[in-house]
Amino acid sequence: MKGKFIVFEGGEGVGKSTQVSLLAQKLMDMGLKVAKTREPGGDVIGEKIRDVLKTSEPSDMDPLCEMLLMFAARRDHFVKLIKPLLDDGYFVICDRFYDSSLVYQGVLRNVPFEDIMSLKKITIGDFEPDLTIVLDVDSNVSIARLSTRNLIPDEYDLMKKDKHDLVRSGFLKTAEIFSFRSVIVNAAGSEQKVFSRIMKIVQERLLYMIRD
Ligand code: TYD
């Protein structure tokens, strides 16, 4: 695979989708081939599974069933989109990847870590992101950001502060476990301020050979 796979992780309201778009635009402006994607999602099957997941409340779905659907969508996403794009030299920027399963299905819904990692191995093998950017901010800030969104919130968006704190510490833990590919970025402050922190890391880790 010749391209680079960059993943954004973090709880609801940390600003992932904004930063995914800013980074995609910046890399395109630099003349690179860029694709923006998200999980759960992917090609036709992955997006259908996303619909099932997004239209069912977590309380209606058994945690193991939820995890299996997440990895079915991920397998489709990997085989049909991510791998072909990387083989074609693209910078693929993805909003969430399997660390989200470790936090939402693992930490929040008690699916054992080893079971999630076994499924990871079965579905995507040894594949890992080249860089995982973990956006981290105080839960009060992310809750305040969520309240300004116009979207209809899903059950995870409506989590109370203690759950946001659990998600936040879950991602700090995955960043520690997978420290070889993870960087924690302070997501407090303006979009541009956060973006400049991200760009610095992308430059150091992935673009050091390409001039800005
Ligand atoms: P989305 O609307 O894309 O939310 P966000 O903007 O917060 O990323 O919905 C994704 C939801 O799916 C989010 O609540 C986290 C959850 N999720 C899991 O539970 N497990 C996973 O493996 C992934 C990728 C997402």
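Residue numbers start at 1 and run along the sequence shown. Remember, it's 1-based here, ligands and their atoms both numbered in the order they're listed. What you see is a predicted model; the values in this text were computed from it and never measured.
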task = Mark yes or no for whether Asp130, through its side chain, and Phe5, through its backbone, hold a donor-acceptor pair below 3.5 Å.
result = yes

message = Angle between ring planes, Phe127 versus Phe97, binned at 30° and 60°: parallel, tilted or perpendicular?
response = perpendicular

inquiry  = Out of all atoms in ligand 1, which are within 4.0 Å of some heavy atom of Arg96? Include the element for each.
reply    = 5 (P), 7 (O), 8 (O), 13 (C), 15 (C), 24 (C), 25 (C)

message = Quick test of your reading of the structure: of Lys54, Arg38, Arg109, Arg74, whose heavy atom lies closest to atom 9 (O) of ligand 1?
response = Lys54

request  = Output the list of atoms in ligand 1 that are nearer than 4.0 Å to some heavy atom of Glu39, sorted by atom number.
outcome  = 24 (C)

ask   = Between Lys121 and Glu114, is there a salt bridge with N-O shorter than 4.0 Å?
value = no

ask   = Quick one: do Asp76 and Lys48 make a salt bridge, cutoff under 4.0 Å?
value = no

query = Do side-chain atoms of Lys2 reach the backbone of Asp87 as a donor and acceptor pair under 3.5 angstrom?
reply = yes

Closest to atom 16 (C) of ligand 1 (judged by heavy-atom distance), picking from Glu66, His77, Met70 = Met70

query = For ligand 1, is there an atom lying under 4.0 Å from some heavy atom of Pro40?
reply = yes

ask   = For ligand 1, which atoms have a heavy atom of Arg50 less than 4.0 angstrom away?
value = 1 (P), 2 (O), 3 (O)

query = Can you find an N/O atom of Tyr104 closer than 3.5 Å to an N/O atom of ligand 1?
reply = no

note = Min over Glu9, Glu12, Lys16 of heavy-atom distance to atom 6 (O) of ligand 1 lands on Lys16

Member of Arg181, Lys16, Lys173 meeting the salt bridge (charged side-chain N to carboxylate O under 4.0 Å, His left out) criterion with Asp99 = Arg181

